[in-house]
Amino acid sequence: MAAEPLPLETVNLMASDDFVATFGDIAEHSPWVAEEAAARRPFASRDALIAAFQAAIGEAGVDRQHELLRAHPDLAGRAAVAGDLTEDSTREQAGAGLDRLTREEFARFTALNERYRSRNGIPFILAVRGATKDDILAAFESRIENAPDVELVTALEQVCRIVRFRLEDRVAE
């Protein structure tokens, strides 16, 4: 992130609308997560802020959780090619080298994405920070045969990791 992380005191004092405007994109295309987290202020620490976002996700009903998961883009998918990723997703996927795939690698990602989505009804979600494309492909291969209920839990855990990383970038300790 180019901007300096915000002090926690500033976050705690934001009007609810400002909080959602600042953090509404933390959970991919799901500002409701920030709305829910805002209601849990004041936060005693950055970890408490992160926990509030994660609790909002965990306490949501299964339909809302599925909506949240379906709002995530495929890794190295059509949205990436079209330039339609959020700023955070663009940076995260580029950091993992997904913007520099060979034609063969892209075809492999596309096939895995389609197979995973048709089996589970959600995109394959992995917090890719610190991962390489080979790490991501290995994770795909290890999870592709999991039962949909297992993948729902795993995908939500991964979203919570993504939320943690993004909030750590934006809010000072």
Side-chain angles (χ1 to χ4, degrees), residues 23-37 40 47-170:
F23 299 110
D25 61 341
I26 291 290
E28 202 83 13
H29 303 291
S30 301
W32 63 266
V33 176
E35 291 169 7
E36 295 286 329
R40 298 169 190 252
D47 281 341
L49 165 70
I50 292 165
F53 272 78
Q54 293 173 341
I57 293 166
E59 294 168 6
V62 71
D63 289 341
R64 204 160 208 198
Q65 290 174 337
H66 273 100
E67 262 179 51
L68 169 66
L69 298 175
R70 285 190 298 266
H72 279 258
D74 288 330
L75 293 174
R78 288 186 268 298
V81 172
D84 291 338
L85 295 178
T86 64
E87 185 179 322
D88 287 318
S89 288
T90 299
R91 187 176 46 260
E92 291 158 359
Q93 289 199 29
L98 299 184
D99 60 337
R100 298 177 303 280
L101 297 176
T102 66
R103 186 173 306 174
E104 294 77 20
E105 291 168 332
F106 182 76
R108 185 169 176 208
F109 268 94
T110 299
L112 287 167
N113 278 321
E114 289 171 2
R115 186 168 152 212
Y116 183 92
R117 190 181 285 269
S118 71
R119 179 176 173 83
N120 296 291
I122 57 173
F124 178 79
I125 299 173
L126 182 71
V128 298
R129 185 170 296 184
T132 65
K133 60 186 170 187
D134 292 329
D135 296 333
I136 297 164
L137 287 168
F140 243 129
E141 296 291 349
S142 73
R143 290 175 46 195
I144 198 106
E145 295 299 327
N146 287 346
D149 61 327
V150 170
E151 279 306 302
L152 173 64
V153 171
T154 302
L156 289 168
E157 289 169 352
Q158 291 299 310
V159 168
C160 285
R161 286 189 69 216
I162 293 165
V163 163
R164 170 173 287 284
F165 292 146
R166 290 176 179 181
L167 286 169
E168 287 174 345
D169 286 346
R170 294 191 196 183

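Quick caveat: nothing in here was measured; it's all calculated off a predicted structure.
Considering CG of Leu49 and CD of Gln54, their distance stands at 9.5 Å, rounded to 0.5 Å. Here the CZ-CD1 distance, from Arg70 to Ile125, works out to 10.5 Å after rounding to the nearest 0.5 Å. Separating the CD1 atom in Ile136 from the CG atom in Leu98 is a distance of 4.0 Å, to the nearest 0.5 Å. Taking CG from Asp88 and CD1 from Ile26, the interatomic distance works out to 6.0 Å, rounded to the nearest 0.5 Å. Atom CZ of Arg115 sits about 12.0 Å away from atom CG of Asn113, to the nearest 0.5 Å.
Arg143 places no side-chain N or O within donor-acceptor distance of the main-chain N or O of Glu151, the cut-off being under 3.5 Å. A donor-acceptor pair is defined here as one N or O able to donate and one able to accept, closer than 3.5 Å; no such pair exists between the side chain of Asn120 and the backbone of Leu152. Checking side-chain atoms of Gln93 against main-chain N and O of Ala76 turns up a donor-acceptor pair under 3.5 Å.
Residues passing the side-chain contact (heavy atoms from CB on, under 4.5 Å) test with Ala48, sequence neighbours excluded: Phe43, Ser45. Remark: Glu92 pairs with Arg166 by the side chain to side chain donor-acceptor pair (under 3.5 Å) rule, at least two apart or across chains. Listed by chain and residue number, Phe124 satisfy the ring pair (Phe, Tyr, Trp, His ring centres under 6.0 Å) test with Tyr116 (two or more places apart in sequence, or in another chain). Here Phe23 pairs with Phe19 under the ring pair (Phe, Tyr, Trp, His ring centres under 6.0 Å) rule; sequence neighbours left out. Remark: Asp25 pairs with Arg170 by the side chain to side chain donor-acceptor pair (under 3.5 Å) rule, at least two apart or across chains. Contacts of Glu104 classified as side-chain contact (heavy atoms from CB on, under 4.5 Å), with partners at least two apart in sequence or in another chain: Thr102. Remark: Asp47 pairs with Arg164 by the side chain to side chain donor-acceptor pair (under 3.5 Å) rule, at least two apart or across chains. In terms of the side-chain contact (heavy atoms from CB on, under 4.5 Å) criterion, residue partners of Ala71 (sequence neighbours excluded) are, by chain and number, His29, Ser30. Taking the salt bridge (Lys or Arg N to Asp or Glu O under 4.0 Å) definition, one finds that Arg108 meets it with Glu141, sequence neighbours left out.
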N/O donor-acceptor pairs under 3.5 Å from side chains in residues 153-162, not counting sequence neighbours:
{"residue": "Thr154", "atom": "OG1", "partner": "Val150", "partner atom": "O", "Å": "3.0"}
{"residue": "Gln158", "atom": "OE1", "partner": "Ala127", "partner atom": "N", "Å": "2.8"}

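Sorted by first and then second residue, the pairs that involve residues 127-138 and meet side chain to side chain donor-acceptor pair (under 3.5 Å), not counting sequence neighbours, are Glu105-Lys133, Arg129-Asp169, Thr132-Asp135. Sorted by first and then second residue, the pairs that involve residues 57-68 and meet side chain to side chain donor-acceptor pair (under 3.5 Å), not counting sequence neighbours, are Arg40-Glu59.
A 6.0 Å sphere centred on CZ of Arg103 holds no more than 12 heavy atoms belonging to other residues, nucleotides or ligands.
Between Pro73 and Ser89, the closest heavy-atom pair is CG-OG, 4.1 Å. When all heavy atoms of Trp32 and Ile57 are compared, the closest pair comes out as CH2-CA, 4.4 Å.
Within the 4.5 Å cutoff, the side chain of Phe109 has no heavy atoms near those of the Asp74 side chain.
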